[in-house]
Amino acid sequence: MKVHPFLVGFRQTPISNLVEDSLGPAVIIPSSVSGIFAIKTDAVAVFIRVMGEGKLEVVEKTTHEIAVSDALSISEDQQAFALIQHASSEIHLTVKLAHDWDGNLLKESVKMDWQRGLVHKVFINNYIRTDRSYGFRVLIVMEDHSLLLLQQGEIVWSREDGLASIIDVTTSELPVERNGVSVAKVEHNLFEWLKGHMLKLKGTLMLASPEDMAAIQSMRLKSSEKSKMTRDHNGFRKLLIVLTRAGKLFALHTGDGRIVWSHLLWSLHKSEACQSPIGLNLYQWQVPHHHAMDENPSVLVVTRCGPSSDTPGVLSFVDTYTGKELSSLSLDHAVVQVIPLPYTDSTEQRLHLLINADKHAHLYPKTSEALSIFKREFLNIYWYSVEDQNGIIKGHALKCKCTGEVADEFCFDTRDLWSVVFPSESEKIVATVTRKLNEVVHTQAKVVADQDVMYKYISRNLLFVATVAPKGSGEIGSVTPEESWLVAYLIDTVTGRILHRVTHHGSQGPVHAVFSENWVVYHYFNLRAHRYEMSVIEIYDQSRADNKDVWKLVLGKHNLTSPTSLFSRPEVITKSQSYFFTHSLKAIAVTSTAKGITSKQLLLGTIGDQVLALDKRFLDPRRTVNPTQAEKEEGIIPLTDSLPIIPQV
């Protein structure tokens, strides 16, 4: 058989011949439409048809942002595709045949909320109308990762899928209610109040339409106690402020889970100064209490202009009641680490230290008052950093003002105080966790059986670190029990002193942990038992051993008010215990209350997307098989090898 070779030729056409005044880089927009492709520059987008012998013909030119769907076969010899052009508050949808650019199968315009950003992807589907003509449905993915279905010039439904990619979350207190009126004036205005009463009157007189009845039902839900936009007595009603991977902020009401507001941050938009913005973290910036009750609380959003840690950062300040971006600040330095300090100024703005790639510390807000507060506490500020890949944990402190060419009184040099280096051949850092800064501990004393007293070792500078064998850092079951182990540490982050170390042989990650008061609970996999385990470590202060008598505590004859220093070696003891657990976890947290009195509940997020609440008493390391009568009176639960999970029907 004779084979005839195919000849492939190339023809080069400069982009400047197709696009006049083409400035900046040109990008080919991907498309599966046969014989047509698009080129986008900074100023214009051009659709080009490939003619015979490699000739190119410009069929359309637009200055709008565009998105093109893949080709859809509507008959044996016809293919259709959707073209969307984004023009300010509208999007223009056009459905064309692949071989006939001049003809339109569908042309519609739809109003679009600018908070959704630009159209990122388009998907097209067709159906047969009653008159046997073709109708089209278009599913679009917006810049904020929301989904919308368009049909007959209307948005049939929309869904906020950006909430499936949350990267950070914080809480915000709702305003205080005084005589039924919110301090921050977030309740309905007079027009909405009158509108509500008119709707209720129509409902009473049986004149309300189905739309009116739906509005009345919505108003009833909003006016219910749990969904009010004001603070309740117990502090359960809050706003959850979440940052998504798309750079959009949401405020979710904890009462009913509704979206109070959403805002696509402009600081996270691509620009000449910030080509690849990436949202990093959320921090509470201003939390009004006593001095600034007329101010709305705000959050700080930290952004980086690229995946590298040495790219400049951007700060955004957002009002948590309205979602309005109050201001944004482009930094001339990188942001490697953000340290919220436990100090606030007269307007309740929290001080923050931003550490850059050169290990310089920058103070924010940049005000004279903040600088004065910071200088008073200069010698009491310590922090740590974790280098996961290198297996190193370092402690840092401030040194002096930056010694650069440009004088900046808000910039400070830092110094390394200590370092803990884990041997790379035997240990790899897989988890670190510390206490929450705002956690309240009701009492340091813990009265146990026989009226004895134990004193919790309470320190905000304790760090829990979990390491595993390098071979055991992969998937569960990828190593034998003899090749894997897990080591748990309690480290003082001021001195670098290791207060406790325990090894779990034949265990591996993933490790999920939570730290509260004087105890830490962590979850891992036991290869020998082929089951998950949860372990607890409690640490107690022995320097208060002279105060074991309850009557000394009651009468005030104790040494609890004597000063302590982290630089002196602490006299501590630890108690630990391990239990089998039946579920794989995604996350673990602990409840907290305003006064720290209520008993703790562990909140466990399972791999099946369920949330389990487990009483901390089940993870008491002092549990025994046969507790004494005094221990039973204290509430000690008899020891079992596994933790009980009671499924709710």
Side-chain angles (χ1 to χ4, degrees), residues 160 162-164 166-178 180-188 218 221-244 248-263 265 279 281-301 316-326 340 342 344 347-350 435-442 514 516 587-605 611-613:
E160 295 288 357
L163 291 172
I166 294 174
I167 59 177
D168 201 7
V169 61
T170 187
T171 60
S172 174
E173 293 287 352
L174 287 166
V176 178
E177 186 174 11
R178 293 182 180 175
V181 180
S182 165
V183 174
K185 299 178 182 179
V186 296
E187 292 286 356
H188 299 303
S218 176
L221 289 174
K222 287 183 180 180
S223 63
S224 65
E225 190 68 24
K226 71 174 185 179
S227 59
K228 279 187 175 180
M229 284 295 294
T230 51
R231 199 176 305 178
D232 64 312
H233 177 71
N234 295 316
F236 292 133
R237 287 200 300 265
K238 295 180 185 292
L239 288 179
L240 291 178
I241 312 299
V242 300
L243 175 65
T244 68
K248 192 169 186 178
L249 273 182
F250 290 86
L252 307 178
H253 196 289
T254 58
D256 54 7
R258 73 179 187 275
I259 298 175
V260 178
W261 55 259
S262 60
H263 185 79
L265 295 177
N281 295 105
L282 279 174
Y283 299 92
Q284 292 186 348
W285 176 253
Q286 186 177 25
V287 185
H289 287 299
H290 305 291
H291 307 296
M293 284 299 291
D294 292 332
E295 298 286 340
N296 287 0
S298 56
V299 292
L300 167 65
V301 184
S316 299
F317 306 92
V318 181
D319 188 318
T320 62
Y321 288 168
T322 64
K324 180 182 178 183
E325 190 169 8
L326 302 174
T344 58
T347 62
E348 306 286 353
Q349 287 185 349
R350 183 178 293 276
R435 282 181 57 202
K436 290 184 178 180
L437 285 176
N438 59 352
E439 184 184 35
V440 177
V441 180
H442 177 61
V514 62
S516 178
I588 181 172
V590 65
T591 57
S592 61
T593 54
K595 302 298 182 182
I597 300 174
T598 308
S599 59
K600 300 286 186 178
Q601 296 278 328
L602 289 170
L603 302 178
L604 312 173
V611 178
L612 302 176

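The analysis underlying the following values was restricted to heavy atoms, covering all of them including side chains, and did not include hydrogens, waters or symmetry mates.
- Thr171 is listed as a side-chain neighbour of Leu240, based on a closest heavy-atom distance under 4.5 Å.
- In terms of heavy atoms, Gly162 sits closest to Thr244 at O-CG2, 3.2 Å.
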Could you walk me through whether Val514 and Lys600 satisfy the side-chain contact (heavy atoms from CB on, under 4.5 Å) test, starting with their C-alpha distance in whole Å, then the side-chain angles of each, then the deciding distance to 0.1 Å, before giving a yes or no?
CA-CA 12 Å; Val514 62; Lys600 300 286 186 178; over 6 Å; no
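- Side chain of Ser298 to backbone of Trp285: no donor-acceptor contact under 3.5 angstrom is found.
- The shortest distance between side-chain heavy atoms of Phe317 and Leu300 falls below 4.5 Å.
- Between the side chain of Trp261 and the main chain of Thr320, a donor-acceptor pair closer than 3.5 Å is present.
- By the 4.5 Å heavy-atom criterion applied to side chains, Leu252 and Ile259 are counted as neighbours.
- Counting only distance, with no hydrogens or angles, the side chain of Glu439 and the backbone of Ser516 share no donor-acceptor pair below 3.5 Å.
- A donor-acceptor distance shorter than 3.5 angstrom exists from the side chain of Thr254 to the backbone of Phe236, with no hydrogens or angles considered.
- Counting heavy atoms from C-beta on, the side chains of Arg237 and His253 come closer than 4.5 Å.
- Put simply, the side chain of Val440 does not reach to within 4.5 Å of the side chain of Thr593, judged on heavy atoms.
- Within the model, atoms CD1 of Ile167 and CG of Leu243 stand 4.0 Å from one another, a figure rounded to the nearest 0.5 Å.
- Once rounded to the nearest 0.5 Å, the distance linking CD of Glu348 with CD of Gln286 reads 7.5 Å.
- Across every non-hydrogen atom of Ala251 and Ile241, the tightest pair is CB-CD1, 3.9 Å.
- In this structure, the side chains of Leu265 and Glu325 come closer than 4.5 Å at one or more pairs of heavy atoms.
- Taking every heavy atom of both residues into account, Arg350 and Pro342 meet most closely at NH1-CA, 3.6 Å.
- Between Leu239 and Leu174 the shortest side-chain heavy-atom distance falls below 4.5 Å.
- Side-chain contact between Gln284 and Leu437 is absent, with no heavy-atom pair separated by less than 4.5 Å.
- If you take CD on Glu173 and NZ on Lys238, they are separated by 3.0 Å, rounding to the nearest 0.5 Å.
- Looking at Asp168, its side chain does come within 3.5 Å of a backbone N or O of Leu282 through a donor-acceptor pair.
- Note that CG of Leu163 and NZ of Lys248 are 8.5 Å apart. Values are rounded to the nearest 0.5 Å.
- For the pair Tyr321 and Asp319, the tightest heavy-atom approach, listed with the atom from each and the gap, is N-OD1, 2.8 Å.
- Judged by distance alone, the side chains of Gln601 and Thr591 never bring a donor and an acceptor atom under 3.5 Å apart.
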